Amino acid sequence: MASEEPLFDPSLKKRKKKQVAFTEDPLGADADPTAPAPDTIDSTTINGDAVDLGPKTAHELMKSTGDEGAENKKEDEDFKAMFGDMKKKKKKKEIPMDLGDDSGTSTPTVAPSEGGAPAITSDDLDFSDIKKKKKSSKKKAAFDLDAFEKELNQSKTKSNADDDDDEGEPNPNLDHLDDADLGDDPFAQGDAPVGVEAGNEAWLKSDRDYTYSELLTRFYASLHAANPSLLSSSSQKRYTIAPPSIHREGNKKSIFANVTDICKKMHRQPEHVIQFLFSEMGTTGSVDGAGRLVIKGRFQQKQVENVLRRYIVEYVTCKTCKSPDTLLTKENRIFFMACESCGSRRSVNAIKSGFQAQVGKRSKNKTG
Amino acid sequence: MSVQNLNTFDPFADEGDPLGDSQDVGSQADYIHIRIQQRNGRKTLTTLQGLPKQYDAKKILKAFKKEFACNGTLVDDEKMGQVIQLQGDQRSKISTFLTENGIEKAAIKVHGF
């Protein structure tokens, strides 16, 4: 690796070139006659370039793993052959996602050129390569075929090293950093994990079968690289609320001092929370001048906390995505909870106080 | 000529208007509620509300009293119907008793602190 590093720098420049072409590409890709379905997928992701990086790097990594073991020289030819194949296919068929056809055509073209590598694994790798290549080639059609071949020609002089940055990424950390600089810059949060996680996977080099967990972490790494917004939501810090502070007032009353704070934190109306508390605990009470809640009966902090917990589960957290970022609105006597983060909307149970048993002296009670 | 297949058919016709019955909108109609209420001092009351009609509340009360070694009574509430009222905090005991005797756990709601 150390010997290749000097050779790496020109490649980085090239990468930049690539990337530029690549970012401009989507228009070209749209113009290209490609399958409609993948295009929609591309367009949905706003940072389309970042999304592209995932498969591309994956392909490249795979490529490197698959072919570095065998022959590096041949890789060029391989690629050329594959690309030629791709071109032809593109012209021939307008539906590049034809998986069955892909497998049919790809295996014969690739397998003969790839003598050295073990048959099954290499086939698998190449197969996936082609599929991925197809996807990427749709997006960056012009760049792929033209720039790539140019680069290949140039790189032939430098053979191995340049080859590596063109397709394989022997030192992905560097490349990833570069990628981050170019593409992901506005979404700065996602960068660090990408460089660390997606790059440092030692198993990428090995020939063995990948385990599920490895692939899963890898998937998440590239996913988060592509969509930092997802990352922020998934690695969100826990939803915390200050514990309720309960004091005793006199003998028979408890004071819940920080109701308003807690309500503010939960983004709920204090009236709603208080109503829930009273109906759940089967008591009554009032709010005093300082905004504290006076509850009739003796309650400990733990007990109130329990009730609050139930309130949060019922009326604050979104049932779909577990996010506490929700809004509670009342429409036609029914409360609806709309989630701010996932957009789901559901009706919630109205707070109903159940049966209240007669407690205390009947003479004090008017109705009794 | 009338073709039977072309007749419009409302599959929910016999269900009635789901929202017409306004009292039940978003309500907990089919839950069994177990609540607790504080009395003076450390004393508490447990109430069991919404027991399905097919069960005999009187017999269940008797079983509760024997099982939990507490006193209790059956209260007729004009809104809530028959409510079993037991002395002391019997919430978890009631819940386990009911589940052991073939009531779904999802149908039971334990309230209180």
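Convention: sequence-line order gives letters A, B, ...; per-chain numbering from 1. Everything quoted here is computed from the prediction, not taken from an experiment.
Using a 4.5 Å cut-off between heavy atoms, Gln38(B) touches chain A through backbone and side chain atoms alike. With a threshold of 4.5 angstrom between heavy atoms, Leu45(B) approaches chain A through side-chain atoms but not through N, CA, C or O.
Heavy-atom neighbours of Asp76(B) CG from other residues, nucleotides or ligands within 6.0 Å: above the threshold of 12. For Glu331(A), the CD atom is densely surrounded, since the number of other residues' heavy atoms within 6.0 Å is greater than 12.
Counting heavy-atom pairs under 4.5 Å between each of Val83(B), Thr47(B), Val75(B), Asp77(B) and chain A puts Val83(B) at the top.
Of all residues in residues 276-298 of chain A, those placing a non-hydrogen atom less than 4.5 angstrom from a non-hydrogen atom of chain B are Ser279(A), Glu280(A), Met281(A), Gly282(A), Gly297(A), Arg298(A). The stretch residues 299-312 of chain A places Phe299(A), Gln303(A), Asn306(A), Val307(A), Arg310(A) near chain B, each with some heavy atom under 4.5 Å from a heavy atom of that chain.
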